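A short write-up of the structure that comes next.
Each ligand, and each atom within it, is numbered from 1 in the order the structure gives. Side chains are part of it too, since the values below use all heavy atoms of this structure and drop only hydrogens, waters and symmetry mates. Computed from a prediction, not measured in an experiment: that's the story for all the values here. Count residues from 1 along the sequence.
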Amino acid sequence: MDKNQSTQLLFELSHPGRRTHRLPACDVPLGDASTLLPADTLTSSPPPLPEVGEIDLVRHYVNLSTRNMAIDTNFYPLGSCTMKYNPKRHERLAALSGMASMHPLQSDASTQGVLELLWHMQNFLGEIAGLEAVSLQPAAGAQGELTALLVAAAYFKDRQETQRTRVLIPDSAHGTNPASAALAGFDAVTIKSNSRGLVDLEDLRAKLDERTAVFMITNPNTLGLFDDQIPTIAEMVHRHGALIYLDGANMNAILGITRPGDFGADMMHYNVHKTFTGPHGAGGPGSGPIAVRQMLAPYLPTPLVVKTANGFTLDYDRPKSIGRVHSFYGNVGILVRGYCYIRTLGPEGLRQVSEIAVLNANYILSKIKHAYEVPHGERCMHEFVASARTLRRERRISAMDIGKRLLDYGYHAPTVYFPLVVAEALMIEPTETESKETLDAFADTLLRIREEDATYLQQAPHTLPLSRPDEVKAAKEPILRWKP
Ligand SMILES: *Cc1c(COP(=O)(O)O)cnc(C)c1O
């Protein structure tokens, strides 16, 4: 019997007549159901549900739950995603009934506590950004990008600069950047990276003109490098009357060390679920607040949380606003966790977060760079991008093979095949929450995999119930229900 067959046999647990409970026979007279309910809503036979005893049911779900890889079970060096540990205390605080049971239609008077928390969160995020105004509404980084670009479009329209139809984006950017530009009605124009992995200033100069609305930059960028040309870039972009957008997914590297507003950004998003520990993966929920300069504040989506003489309230009366991008208050549960994180650490603690995240990434980099090619790998910020291109050419071992093999050793795979500017990319981000022992064990595992047999690696993982599913088909035609 092959592995798939045995998994299937074990998977089908239903036996006719088995139950998790036995109730006494019903002694309430039901009458004739057909006279109580329309005939076409009645079925003649019970639904085909699995029939199992309680112990089998419990084992089934507990066993399934242990097949998830999660930050609470395994090291998760998924570059760009900042998979840091989410303290359990935050979960308890977010679950307090005043938070979790709040109804979105409650009056301001009965939600002063949550409104105050959100108001402080707006101020903290503005302070950390070095920008004046904050909207907590967007549900994720990608929606923050879209929201900020809609804000930029409204700003330029107000100034009658409607010829600004283009958004310039480096070729190392996350795919959401050009997607957001297109959704906001702009044309996305690619800017090349130079040999250092930074923005190619010549290409930027050539493409920057009066049609440019926004230059989107990720800094530190997706190669884990801080673009030290940013003052020059900001000066060039602003001289042309365009705005700088900072993709803040990599804020984990610079908290309390530098501020986007200080290095030239006019608007940015945060990924609260990355930088400030909201649990994430498998599609959310997330939270992607945006921070902008004062001149862009009138266009922010409604509502903003404001403080008045009578307490905190939601301000919908903003005539120039782009309108709503999310229902009610935004994703409050994630914002509460982020707030707890910021309050627990304070300014000094946040700075330490970044210092240790950068130290941890450089530590792994220094341990593996003799064995893995790291194209821009002298030093890195909070993550770095290795490449398996030589391994692939010489031994037919791909980034995918290495990622899959890591699963056998109990590690989540790094981000692979992103950023697109590095062939066979393996993007590694340890975050600050991992111990030296974990970093050592992970680096040793990467070195060990490097020495393993190519054919064995190409067939990895060897220890999991499924080896290599067709990922495209799994995404396009997901089979989410077991049918015997
Ligand atoms: C994660 C990420 C995004 C998108 O953020 P989401 O919160 O996943 O929508 C954008 N840019 C970069 C660089 C990212 O890593």
Is the gap between the ring centers of His174 and Phe418 under 6.0 Å? yes

Table please: side-chain donor-acceptor pairs of residues 131-140 below 3.5 Å, with sequence neighbours left out.
unit_1 : atom_1 : unit_2 : atom_2 : d
Glu132 : OE1    : Gln294 : N      : 3.0
Ser135 : OG     : Gln137 : N      : 3.2
Gln137 : NE2    : Phe328 : O      : 3.1

Under the 3.5 angstrom rule, does the side chain of Ser354 hit a backbone N or O of Asn252 as a donor-acceptor pair? yes

For this output row, return yes or no: ring centroids of Phe263 and Phe226 closer than 6.0 angstrom. yes

Chain-and-number sorted residues having a heavy-atom contact under 4.0 Å with ligand 1 are Ser80, Ala140, Gly141, Ala142, Glu145, His174, Thr176, Asp247, Ala249, Asn271, His273, Lys274

Is the centre of the Tyr411 ring less than 6.0 Å from the centre of the Phe442 ring? yes

Any Lys/Arg nitrogen of Asp171 or Lys192 sitting under 4.0 Å from an Asp/Glu carboxylate oxygen of the other? no

